[in-house]
Protein chains: 2
Amino acid sequence: MADGYHHGNLRQALIDAGIKLINRDGEENLSLRRAAAACGVSHAAPYAHFKDKEELINAIKESVTEKFMKELEDAAEGCESADDALIYMGSAYITFFSKHPDYFVFLFGKQKITAHTQMNKENKNDYPPFLLIRQMYKKHLEEKNIELSEEEQEIGLIKVWSMIHGMASIACMKGVKTSFNWKDPDLRLLL
Amino acid sequence: MADGYHHGNLRQALIDAGIKLINRDGEENLSLRRAAAACGVSHAAPYAHFKDKEELINAIKESVTEKFMKELEDAAEGCESADDALIYMGSAYITFFSKHPDYFVFLFGKQKITAHTQMNKENKNDYPPFLLIRQMYKKHLEEKNIELSEEEQEIGLIKVWSMIHGMASIACMKGVKTSFNWKDPDLRLLL
DNA sequence: AACAATAACTTGACGCCGTAAAGATTATCC
DNA sequence: GGATAATCTTTACGGCGTCAAGTTATTGTT
């Protein structure tokens with residue numbers, strides 16, 4: 001990989017540049033040409049690594065999802081009980097999107113969430129953050145010896161996740177003011 | 001308003017065409033030029049009625065929000081108790097976005113929600129659907145003689161709204177399957 | 001009725017965008 | 001070392017938002 005013509009690691013550079021551009025200018029201002037320019041490369045160079053713009057965007061989503069997952073895992077680490085972990089994960093979930101409001105619509109808006117995630121066999125609830133919350137929720141039921149039917153479990157899980165997810169969504173809406181500091185890392189209003 | 005040169009009611013026609021285009025092709029395929037073409041008018045004609053694309057989009061958002069509000073009000077109508085009304089409004093909230101998944105990111109994604117809504121004096125919680133839920137929630141507290149501090153009320157309200165809103169958001173995510181039929185008009189899992 | 005002023009619309013142009021095709025340059029492999 | 005493949009550049013196309021200038025219809029004034 002000599003200097004000049006060949007970049008060396010353009011694929012990853014484009015992903016990193018894309019994240020920076022989204023953080024600075026918002027998703028709608030991310031273009032293939034800008035990302036290419038940020039990497040010091042011609043406007044058509046990305047097509048050697050990505051089929052189209054959507055493929056670059058999905059790669060960026062994967063990368064952002066990894067960061068998101070890491071914060072959730074870090075929040076759960078060191079908790080004594082599963083319901084403690086649930087609360088801290090929920091707080092981290094909300095805090096993450098409070099700090100990066102653009103990421104919410106970027107990750108969950110537009111097309112299928114599965115486009116940038118691996119599918120499991122049943123194609124069900126396969127989004128990694130949801131899997132994390134699901135397994136922590138089940139662990140919590142075990143710890144507290146709460147016995148629920150399959151459907152009751154599913155309902156309880158959906159309630160927990162939707163409340164957390166909904167708060168994250170609301171925290172991202174500029175112009176809707178609440179009396180909370182969503183960036184507080186310990187939001188004990190949950191559950 | 002003779003035939004030919006002058007359209008007569010281009011402003012509203014553009015809004016209607018915009019809604020149709022979003023319903024058929026999704027938000028990302030809505031362009032000023034397409035909307036203009038759908039109205040049989042030149043590509044720059046919209047600029048007589050809208051400052052830029054954003055202004056047209058905000059007008060469309062207002063129109064969609066009105067439809068949304070109407071479904072919420074219809075759901076609450078005829079309910080005997082306020083908490084019954086809350087449940088039916090919540091169901092309608094989720095059902096609305098289940099039927100039109102594109103509307104969720106269209107209404108709540110991107111820029112400020114206040115751009116297409118009137119501001120109240122305090123610039124607080126002024127999004128009409130939230131106001132509706134807020135007042136119904138307070139009515140419910142009164143009916144049941146539940147006395148809460150201002151902050152406790154705010155927390156309770158946020159919990160209810162975020163759970164409904166979160167379920168709506170989840171229902172819109174293609175690729176994340178749950179065992180619920182979100183289009184069921186009576187989702188009694190709530191609250 | 002005539003005419004000025006204004007609103008509504010068209011035409012043409014600009015730069016940015018995504019993408020495809022063809023050519024240039026470098027890396028890889030037998 | 002020479003073929004092959006991967007990577008990158010250049011050129012080109014149509015669609016986009018937007019602006020400027022010109023055209024046509026409507027409205028208001030006398």
Side-chain angles (χ1 to χ4, degrees), chain A residues 1-61 102 105-106 109-112 115-116, chain B residues 1-61 102 105-106 109-112 115-116:
Chain A
M1 56 174 182
D3 266 38
Y5 208 92
H6 279 37
H7 181 283
N9 195 9
L10 183 55
R11 194 192 137 89
Q12 191 57 46
L14 284 168
I15 293 174
D16 295 341
I19 292 180
K20 257 183 211 161
L21 285 172
I22 289 176
N23 280 331
R24 184 151 49 85
D25 307 325
E27 182 187 0
E28 66 276 12
N29 288 93
L30 168 63
S31 69
L32 273 184
R33 292 171 105 109
R34 261 202 255 269
C39 297
V41 113
S42 85
H43 66 264
Y47 286 87
H49 303 274
F50 301 99
K51 182 176 135 280
D52 53 17
K53 187 184 182 183
E54 192 184 334
E55 229 179 65
L56 169 60
I57 287 197
N58 283 336
I60 296 176
K61 282 183 184 174
D102 281 337
V105 53
F106 178 66
K110 309 262 175 182
Q111 63 255 26
K112 293 187 187 176
H116 63 282
Chain B
M1 61 175 182
D3 265 38
Y5 209 91
H6 279 38
H7 181 283
N9 195 9
L10 183 55
R11 196 191 137 89
Q12 190 58 46
L14 284 168
I15 294 174
D16 295 342
I19 293 180
K20 255 183 213 159
L21 285 171
I22 290 176
N23 280 330
R24 183 150 49 86
D25 308 324
E27 182 187 359
E28 67 274 11
N29 288 95
L30 168 63
S31 69
L32 273 184
R33 291 170 106 108
R34 261 202 256 271
C39 297
V41 115
S42 86
H43 66 264
Y47 285 86
H49 302 276
F50 302 99
K51 183 176 137 280
D52 53 16
K53 186 183 182 184
E54 193 184 334
E55 232 180 63
L56 169 59
I57 287 198
N58 283 337
I60 297 175
K61 283 182 183 173
D102 280 336
V105 53
F106 178 64
K110 308 263 176 180
Q111 64 256 27
K112 292 186 187 176
H116 64 282

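In what follows, chains are A, B, ... by sequence order, proteins preceding strands, each numbered from 1. Values below: all heavy atoms of this structure, side chains included; hydrogens, waters and symmetry mates excluded.
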Pair up each side-chain donor or acceptor in residues 37-50 of chain B with any protein partner under 3.5 Å, not counting sequence neighbours, and list the distances.
none

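- Side chain of His49(B), nearest nucleotide from dT19(C), dC8(D), dC9(C): dC9(C).
- The nearest whole Å value for the distance from the CD1 atom in Ile57(B) to the C1' atom in dG17(D) is 11 Å.
- Here the side chain of Ala44(B) is nearest to one of dC9(C), dT7(D), dA20(D), namely dA20(D).
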What protein N or O atoms touch nucleotides 21-23 of chain D N or O atoms at under 3.5 angstrom, if any, and at what distances?
from    : atom 1 : to      : atom 2 : distance (Å)
dT23(D) : O2     : Tyr5(B) : OH     : 2.7

For residues 10-24 of chain A, run the donor-acceptor check on the side chains, cut-off 3.5 Å, and write out each pair with its distance to 0.1 Å, sequence neighbours left out.
from     : atom 1 : to        : atom 2 : distance (Å)
Gln12(A) : NE2    : Asp16(A)  : OD1    : 3.1
Asn23(A) : OD1    : Tyr103(A) : OH     : 3.0
Asn23(A) : ND2    : Ile19(A)  : O      : 3.4
Asn23(A) : ND2    : Tyr103(A) : OH     : 3.1

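- Side chain His43(B) to base dG15(D): no donor-acceptor pair is found below 3.5 Å.
- Shown for residues 31-40 of chain B: residues whose heavy atoms fall under 4.0 angstrom of DNA chain D, namely Ser31(B), Leu32(B), Arg33(B), Arg34(B).
- Side-chain atoms of Leu30(A) and Arg34(A), non-hydrogen and from C-beta on, never get closer than 4.5 Å to each other.
- Expressed to the nearest 0.5 Å, how far CD1 of Ile57(B) lies from NZ of Lys61(B) amounts to 6.5 Å.
- Side chain of Asp52(B) to backbone of Glu55(B): a donor-acceptor contact under 3.5 angstrom is found.
- The end-to-end axis angle of the helix from dA1(C)-dT30(D) to dC30(C)-dG1(D), rounded to 10 degrees and based on five pairs per end, is 10°.
- Listed nucleotides dT9(D), dC9(C), dT19(C) differ in distance to Asp52(A); the shortest reach to its side chain belongs to dT19(C).
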